[in-house]
Amino acid sequence: MRRGGERVVLGAARILVGVLVVAGWELGARCGALDVFFFSRPSDIAVRLGAWFGSGSIWGHLRVTLTEAALALLLGGAAGMVAGFLLARARFAAAVLDPYLKMCNALPRVVLAPIFLLWFGLGIWSKVALGVSLVLFIVFFNTYRGVREVDPVLVDSVRMLGASDARLLRHVLLPSALTWIFSSLHISIGFALVGAVVGEYLGASRGIGYLISQAEGTFDTTGVFTGITVLCAVVLLVDLAVARAERRLLRWQPPRVTTSTGER
């Protein structure tokens with residue numbers, strides 16, 4: 001009962017913050033404190049959302065962006081987890097590759113976007129590649145840390161009991177790393193969408209990033225903020241789905257409050 005009451009209070013507080021921000025934005029725009037040309041108004045954004053979804057014109061663009069982001073999250077997440085597990089168990093290889101991994105992670109991904117456009121063209125794969133470059137290192141470093149955090153005494157004890165590498169992975173390493181992996185996925189969802197949208201913004205014929213680019217080109221501030229609103233809603237919905245999957249897979253752990261930033 002106590003936990004249920006805390007969730008209700010937390011949900012109400014979150015809604016209240018959102019209502020206050022939107023109401024303050026609308027009031028500031030109507031009073032002239034905010035220039036509508038630069039900031040638009042929540043009421044205008046709501047009208048544009050109704051027009052987009054009412055006509056159905058948004059669905060094709062949203063499907064393209066979600067496909068690109070989902071592929072980036074899937075491919076980047078899988079590659080990051082595999083690499084994290086392998087290097088966490090191969091300490092010498094991890095030490096050798098450490099400076100190269102840090103250099104690659106330090107590269108600004110926006111600089112890579114034009115290169116991916118040259119390599120893969122204006123189709124979805126250039127956006128997927130950019131999203132993968134963002135997601136991979138987030139998942140990799142979290143998986144690597146999660147596996148390395150396993151108590152060596154526990155690993156040695158399981159080994160002494162005759163556990164094979166597969167059983168060690170399934171019953172010890174993977175459960176230990178799951179918390180870290182899910183924390184990285186909460187962050188990676190947003191970065192996968194960022195990769196898709198930035199790629200579409202630089203060169204595409206469909207997608208939410210394309211809509212935002214077109215609106216910006218015609219000084220349509222309402223269109224820009226409407227596209228951003230759609231992306232924010234998508235991120236929240238996907239993050240809720242990931243949080244639900246996390247609760248189901250980590251039922252053996254004591255309950256903790258998890259935020260969208262991965263803090264616990």
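As the structure is a prediction and not an experimental result, all values here were calculated from the model.
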Criterion side chain to side chain donor-acceptor pair (under 3.5 Å) on S43 and E26, from CA distance to verdict: CA-CA 7 Å; S43 56; E26 181 73 24; 3.0 Å; yes

Using 0.5 Å steps for rounding, measure from the [atom1] atom of [X] to the [atom2] atom of [Y].
{"X": "I181", "Y": "T143", "atom1": "CD1", "atom2": "OG1", "result": "4.0 Å"}
{"X": "L134", "Y": "N105", "atom1": "CG", "atom2": "CG", "result": "10.0 Å"}
{"X": "I45", "Y": "T222", "atom1": "CD1", "atom2": "OG1", "result": "6.5 Å"}
{"X": "I58", "Y": "L49", "atom1": "CD1", "atom2": "CG", "result": "8.0 Å"}
{"X": "L193", "Y": "S188", "atom1": "CG", "atom2": "OG", "result": "11.5 Å"}
{"X": "L112", "Y": "S126", "atom1": "CG", "atom2": "OG", "result": "12.5 Å"}

Are [X] and [Y] side-chain neighbours, meaning at least one heavy-atom pair lies under 4.5 Å?
{"X": "L101", "Y": "L87", "result": "yes"}
{"X": "L185", "Y": "V135", "result": "no"}
{"X": "S205", "Y": "L122", "result": "no"}
{"X": "M103", "Y": "L107", "result": "no"}
{"X": "T226", "Y": "D220", "result": "no"}
{"X": "V242", "Y": "F182", "result": "yes"}
{"X": "F53", "Y": "W59", "result": "yes"}

Using every non-hydrogen atom in the two residues, find where [X] and [Y] come nearest and quote the distance to one decimal.
{"X": "A29", "Y": "V36", "result": "O-CG2, 4.0 Å"}
{"X": "A215", "Y": "V224", "result": "CB-N, 3.7 Å"}
{"X": "W25", "Y": "F225", "result": "CH2-CD2, 3.7 Å"}
{"X": "E200", "Y": "I208", "result": "OE1-N, 3.2 Å"}
{"X": "G207", "Y": "T65", "result": "CA-OG1, 3.4 Å"}
{"X": "N142", "Y": "I138", "result": "ND2-O, 2.8 Å"}

Answer yes when D44 and R48 have at least one side-chain N-carboxylate O distance shorter than 4.0 Å, and no when they do not.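 Answer for the salt bridge query: no.
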
same_hphob_cluster([X], [Y]) at 4.5 Å side-chain heavy-atom cutoff:
{"X": "L136", "Y": "I115", "value": "yes"}
{"X": "L10", "Y": "V19", "value": "no"}
{"X": "W125", "Y": "L74", "value": "no"}
{"X": "L75", "Y": "W119", "value": "yes"}
{"X": "I228", "Y": "V22", "value": "no"}

Could you go step by step and tell me if L202 and L130 meet the side chain to side chain contact (heavy atoms under 4.5 Å, CB included) rule? CA-CA 12 Å; L202 293 177; L130 181 59; 5.8 Å; no

For the pair F116 and F120, name the ring-plane relationship: parallel under 30°, tilted 30 to 60°, perpendicular over 60°.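 Tilted.
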
Could you check whether the rings of Y210 and H61 sit parallel, tilted or perpendicular, using 30° and 60° as the cut-offs?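 Judged by the thresholds at 30° and 60°, the geometry between Y210 and H61 is parallel.
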
Would F191 and L73 count as a side chain to side chain contact (heavy atoms under 4.5 Å, CB included) here? Give the steps. CA-CA 9 Å; F191 278 96; L73 187 63; over 6 Å; no

Quick one: do Y144 and W180 satisfy ring-ring contact (aromatic ring centres under 6.0 Å, His included)? Show the steps, please. CA-CA 9 Å; Y144 179 83; W180 293 84; over 10 Å; no

Have a look at R206 and tell me which of V64, I124, L62 forms a side-chain contact (heavy atoms from CB on, under 4.5 Å) with it.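 When side-chain contact (heavy atoms from CB on, under 4.5 Å) is applied between R206 and each of V64, I124, L62, only V64 qualifies.
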
Near R145 CZ, under 6.0 Å, is it more than 12 heavy atoms from other residues, nucleotides or ligands?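 No, CZ of R145 has 12 or fewer neighbouring heavy atoms, counting only those of other groups under 6.0 Å.
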
Check this for me: F137, atom CZ, are more than 12 non-hydrogen atoms of other residues, nucleotides or ligands nearer than 6.0 Å?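 Count over threshold, so yes.
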
Donor-acceptor contact present, side-chain T221 to main-chain S40, <3.5 Å: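 The answer is no, because no donor-acceptor pair under 3.5 Å joins these two groups.
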
